Amino acid sequence: MTLNKICDVIKGASRVAILPHIQVDGDCIGSSFALALALNAAGKKARVILEEQIPTSYAFLGEEYQFYDTLEDADNFDTVICLDSGDEQRINKRMSLLASCKNTINIDHHITNTKFAKYNYIDEKCAATGEIIYRLITLLEIEITKEMATCLYVAIATDTGGFRYTNTTANTHMIASELLKTGIDIGDINRKIFETMSMQKLKLLMEAGRTIELFADGKVALVCITRAFIEKVSATDQDVEGLSSLPRQIKGAEVGILLTEKEDEKVKVSLRSNQYVDVSKIAMFFDGGGHQRASGCTLFMSIDTAKQKVIEKVLEQLI
Ligand SMILES: [Mn+2]
């Protein structure tokens, strides 16, 4: 499937639902808002449909969205576009919108994407789905406004860790360069997305420091955040989200693991690696997915059992 074909399908669309994945991150929400702005500028009726609140750090990107639970005209879309979502679980309840829709499109950059839509465009060479959306808007010959550029910049900057991760390419910088030409305020954007944290997040960071454990001569670093602690400090999912890159920052660590107890017997596992361990293999073993350097899965067991199982698998991959 080429991006030109996706472009043709979108040109024929009139009422479009845009679906970012659950556990909203900067890439999926930035890509979704940018595409909605672009399609609406082209005279279509596009709406971003969510299942949960947007993390406060991304709230400045826009308010033009609707919650799935309050949707009344669910059958009214002729096209549904899923963004940055590796599998159906990431679309969750909103998969019902795909069932009743003529044209379904899936645009993503996860190598593990299950191609669950009618039209799938997956480019794993792109650092962010935002890069693909930039190309798509350009192909559609829609002028990229400052507002769209802000959304796309957030998408790309967050998935590349501020253009620091190795997924960043020359093309990533070329796109960023084009976005900057629209006059976006990168100082303000970067402060909002990278240099602002809630008090709850700071408390989580301190807890992470307290619970950290090292394995394999420090090559593996693990942090556990329990439900009880999350409740004690009234932390939200978004407060927990940003902790995943912390353990692998310890000097000597190759793999960093964050275990978050979501509910009793439900543990979210975030895996990150620095140089050579392909953590997507570990995530896929546990029915999760992701990239070589960043992936995740959910285990339905106690946090202690999850810890043992994940450590065992990570140590296997280390050899
Ligand atoms: Mn992404």
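For ligands, and for the atoms within them, numbers begin at 1 and follow the listed sequence. Predicted model only: the values in this text are computed from it and were never measured.
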Can you list every pair that meets side-chain hydrogen bond (donor to acceptor under 3.5 Å, both in side chains) and has a residue in residues 204-228, with sequence neighbours left out? Glu207-Arg210, Glu213-Lys307, Arg227-Glu231

If the condition is ring-ring contact (aromatic ring centres under 6.0 Å, His included), which residues does His21 pass it with, not counting sequence neighbours? none

Closest Asp27 atom to the Mn ion (ligand 1) [N, O or S only]: OD2

Min side-chain heavy-atom separation Leu179-Ile156 under 4.5 Å: yes

Could you check whether Glu316 pairs with Lys313 (Lys NZ or Arg NE/NH1/NH2 to Asp/Glu carboxylate O, under 4.0 Å)? yes

Using a cut-off of strictly less than 2.8 Å, determine whether Asp108 has an N/O/S atom near the Mn ion (ligand 1). no

Looking at the rings of Phe163 and Tyr165, which for Trp means the six-membered one, are their centres under 6.0 Å apart? no

Asp159 atom (N/O/S) at minimal separation from the Mn ion (ligand 1): OD2

For the Mn ion (ligand 1), find the closest N/O/S atom belonging to Asp84 and write down its atom name. OD1

Flag His109 as yes if one of its N/O/S atoms falls below 2.8 Å of the Mn ion (ligand 1), otherwise no. yes

